[in-house]
There are 2 protein chains.
Amino acid sequence: MESGYVTLEQVAEHAGVSLATASRVINGSTRQVSQRLRDKVTASARELGYLANASAQTLARNSSSLVGLLVHDISDPYFSSIAAGVTRHTEEQGLVLVLGTTSRSPQTESRILATLRAHRARAVVLVGSRSTDEESNRRLAEEIRLFRRQGGRVACVSQEGLPADTVTPDNHTGASDLARRLIAQGHREFAILAGPTDLQTARERLDGFHSALSGAGLALAHHNVVHGAFTRDGGYESTRRLMAVGTDATCLFAVNDVMATGAMAALRDLGLRVPADLSVAGFDDIPTLRDLTPALTTVRLPLEEMGERAAALALDGEPADQPRVVTVRGEVVERESTAPPTR
Amino acid sequence: MESGYVTLEQVAEHAGVSLATASRVINGSTRQVSQRLRDKVTASARELGYLANASAQTLARNSSSLVGLLVHDISDPYFSSIAAGVTRHTEEQGLVLVLGTTSRSPQTESRILATLRAHRARAVVLVGSRSTDEESNRRLAEEIRLFRRQGGRVACVSQEGLPADTVTPDNHTGASDLARRLIAQGHREFAILAGPTDLQTARERLDGFHSALSGAGLALAHHNVVHGAFTRDGGYESTRRLMAVGTDATCLFAVNDVMATGAMAALRDLGLRVPADLSVAGFDDIPTLRDLTPALTTVRLPLEEMGERAAALALDGEPADQPRVVTVRGEVVERESTAPPTR
DNA sequence: CTAGGGTAGGAAAGAGTTTTCCCATGGGCC
DNA sequence: GGCCCATGGGAAAACTCTTTCCTACCCTAG
């Protein structure tokens with residue numbers, strides 16, 4: 001009470017019982033304790049202000065209540081939406097969420113995974129597509145195997161192909177659906193802000209969009225595909241590059257919403273109106289960005305729910321021996337940022 | 001190597017030294033170890049893939065590498081921006097960040113603080129104004145004292161008056177400065193989305209705005225002050241209520257940016273143009289919302305930096321015996337959402 | 001009335017580190 | 001040459017729990 005901590009031993013002594021009995025009362029083991037002693041122990045614990053030492057419990061039980069969450073950048077609303085879902089699920093179960101920010105660096109990712117392993121974390125949720133680089137994927141897979149060998153569980157969001165359960169959007173279908181809707185609006189020439197070349201998610205969305213165009217007998221000019229960073233500023237900069245050389249496109253598809261936001265800002269700075277001069281579409285339907293004007297035509301993903309489901313995969317039920325994949329369909333949401341072309 | 005873990009004892013045995021020596025090499029204590037043994041131990045550790053058990057270390061050292069971060073809602077960009085700053089600082093120091101989401105519930109807050117105490121967390125950063133409710137503040141203060149008595153450190157963002165270091169924006173001055181700029185634009189009648197009545201931050205911003213109006217000899221009509229939730233939807237709903245009864249104001253001040261976003265959405269839905277029909281101003285300058293159109297006139301706060309400084313207060317240097325307060329000045333940013341009134 | 005089985009309680013052995021304390025060795029100094 | 005001190009190494013205690021194993025007791029059945 002005075003300074004420092006109250007230990008279970010003190011509680012036991014105060015209650016006049018053994019350490020074992022006190023432990024059984026406090027954590028409720030399989031063993032029964034008589035009501036009389038039970039009352040005495042709980043009364044003593046309350047009186048002394050006992051709070052179990054989580055490290056000691058982790059050590060003794062060899063299993064902790066920590067759950068890791070790895071994101072690239074927590075200030076990106078895409079990640080914070082998913083994080084909210086993961087948080088909800090872990091908090092419901094009385095678990096502790098450890099937030100790791102990788103800044104898109106595989107080394108940092110490995111470092112954080114090792115730390116979680118050191119803490120005997122119960123599970124970890126990896127969010128965000130990683131690169132298609134073979135070497136770093138191999139190392140990540142190895143890190144995941146180590147984690148699982150120690151009894152930890154792993155789930156991913158948007159990252160198939162790893163030895164772990166996954167919740168992933170159907171990027172290909174979503175982008176195809178979007179493309180067909182834009183074609184139905186009358187668009188024939190498209191430009192694409194395709195994100196980084198080595199990012200799986202970006203690539204799938206590009207492919208899906210592309211294949212729908214092909215299906216409609218439309219071609220995608222090479223100079224109308226611009227690669228750049230998967231961020232708001234990447235979208236801005238890619239758009240400036242695109243417009244600097246000029247484009248015949250009537251509709252611009254950015255492979256995610258934050259890039260689309262950057263694109264709209266760039267177009268505004270160039271004095272172009274959306275959708276009058278150029279339509280713009282995104283992907284994700286990030287809640288925070290729904291108040292943009294003109295409102296963004298995009299593919300809605302249930303981000304928070306995806307986080308929750310990933311957490312559930314990593315925490316609930318029995319661990320699967322085969323990686324499970326939960327695919328989430330996106331739904332096209334048509335808003336004001338796209339309109340039939342005027343030329 | 002096989003399954004489970006490698007312990008320090010195995011490393012020691014493999015290297016042919018005692019457990020004590022191995023421990024000294026791995027963590028680098030004050031004691032010297034000869035280069036010869038040092039090399040043997042590090043080689044063995046690497047070969048066996050040794051990873052220290054963090055719980056055992058925490059137990060033995062009675063101090064962990066966990067740092068708590070408490071926010072109301074991580075998907076709110078205000079909090080995620082601050083979280084990014086805190087993350088940066090903790091990650092630099094090799095510490096582990098635990099994210100707690102309180103959903104604005106004092107009970108949840110207490111529960112999470114207790115959990116952090118159980119884990120012997122090194123420090124905790126509390127973000128976000130709490131209510132002016134005496135009772136819950138008293139209990140929070142008590143919780144903080146418990147935490148500090150156990151050697152933990154505490155820092156707050158936007159919450160003065162607790163027994164802990166604080167980084168806080170100068171809400172009063174910021175709001176006053178904003179009011180004066182709006183008056184200079186020609187506005188004379190203002191409406192205010194004042195947020196919850198019991199939220200300290202909201203109240204300070206209201207007061208600051210109000211006092212600048214008084215200073216300019218302007219009154220603030222009672223029916224032009226609307227209270228509501230401190231969120232985007234709160235702003236939307238407050239605006240609908242305000243406009244339902246009608247207002248003579250030419251400028252609407254929302255006490256934070258997310259509320260201002262809701263306000264702009266509501267006005268758009270009502271067919272009103274910003275700023276032509278009504279100017280709108282906010283507070284915070286949240287990065288994610290900078291791409292709104294019309295761009296929001298607001299008071300810029302260096303959110304990420306505030307998070308970083310709070311983390312620094314909680315982690316660097318010596319703990320202060322007196323609570324330290326770092327005040328951050330906000331800077332008015334005039335953008336397109338406000339313009340001289342047309343009537 | 002005794003043997004057997006079930007149950008509540010406690011002693012003690014872990015769990016994997018750090019750290020204290022003790023010992024041995026070697027060097028410097030008189 | 002003997003003494004003292006500094007230094008590096010190791011044994012063992014400490015940290016706070018959980019859990020196994022043992023004992024004592026009571027109840028029931030034969």
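Residue numbers start from 1 in every chain, and the chains themselves are labelled A, B, ... in the order their sequence lines are given, proteins ahead of strands. Quick caveat, the model's predicted, so the values are computed rather than measured.
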Student: Which residues pass the salt bridge (charged side-chain N to carboxylate O under 4.0 Å, His left out) test with A/E135, sequence neighbours left out?
Tutor: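 Scan of A/E135 (salt bridge (charged side-chain N to carboxylate O under 4.0 Å, His left out), adjacent residues dropped) gives A/R138.
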Student: Could you list where the contact with chain A starts and ends along DNA chain D, reading 5' to 3', using a 4.0 Å heavy-atom cut-off?
Tutor: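 Going 5' to 3' along DNA chain D, contacts run D/dT16 to D/dC21.
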Student: Residues two or more places apart in sequence or in another chain: which of them pass side-chain hydrogen bond (donor to acceptor under 3.5 Å, both in side chains) with A/S64?
Tutor: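 Expected list: none.
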Student: Work out how much the helix from C/dC1-D/dG30 to C/dC30-D/dG1 bends between its end axes, five pairs an end, to the nearest 10 degrees.
Tutor: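 Axis-to-axis angle, ends of the helix: 50°.
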Student: How would you list, by chain and number, every residue that makes a side-chain hydrogen bond (donor to acceptor under 3.5 Å, both in side chains) with B/N137, sequence neighbours excluded?
Tutor: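 For B/N137 there are no side-chain hydrogen bond (donor to acceptor under 3.5 Å, both in side chains) partners, ignoring immediate neighbours.
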Student: Please encode protein proximity along nucleotides 13-20 of chain C as a string of B, S and -, counting only heavy-atom distances under 4.0 Å.
Tutor: -BBBBBBB
Student: Distance-only check: which donor-acceptor pairs under 3.5 Å involve side-chain atoms of residues 48-61 of chain A, not counting sequence neighbours?
Tutor:
from: A/N53; atom 1: OD1; to: A/S55; atom 2: N; distance (Å): 2.9
from: A/N53; atom 1: OD1; to: A/A56; atom 2: N; distance (Å): 3.2
from: A/T58; atom 1: OG1; to: A/A54; atom 2: O; distance (Å): 2.8

Student: Which residues pass the side-chain hydrogen bond (donor to acceptor under 3.5 Å, both in side chains) test with B/T7, not counting sequence neighbours?
Tutor: none
Student: Please list, one pair per line, the donor and acceptor atoms closer than 3.5 Å that link side chains of residues 153-163 of chain A to other protein atoms, with sequence neighbours excluded.
Tutor:
from: A/R153; atom 1: NE; to: A/A314; atom 2: O; distance (Å): 3.3
from: A/R153; atom 1: NH1; to: A/G317; atom 2: O; distance (Å): 3.0
from: A/R153; atom 1: NH2; to: A/L313; atom 2: O; distance (Å): 3.0
from: A/R153; atom 1: NH2; to: A/D316; atom 2: O; distance (Å): 3.1
from: A/S158; atom 1: OG; to: A/Y78; atom 2: OH; distance (Å): 3.4
from: A/Q159; atom 1: OE1; to: A/R130; atom 2: N; distance (Å): 3.2

Student: List for me each residue that meets side-chain hydrogen bond (donor to acceptor under 3.5 Å, both in side chains) alongside B/S44, sequence neighbours excluded, and say none if there are none.
Tutor: B/H14
Student: Nearest 0.5 Å, please: how far is CZ in B/R324 from CD in B/Q322?
Tutor: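 Interatomic distance, B/Q322 CD to B/R324 CZ, rounded to 0.5 Å: 11.0 Å.
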Student: May I have all residue pairs that pass salt bridge (Lys or Arg N to Asp or Glu O under 4.0 Å) and include part of residues 112-121 of chain A, sequence neighbours excluded?
Tutor: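 Counting only pairs at least two positions apart or across chains, the salt bridge (Lys or Arg N to Asp or Glu O under 4.0 Å) contacts touching residues 112-121 of chain A are A/R117-A/E143.
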Student: Going by the salt bridge (Lys or Arg N to Asp or Glu O under 4.0 Å) test, which pairs reach into residues 82-105 of chain A, not counting sequence neighbours?
Tutor: A/R88-A/E304, A/R88-A/E308
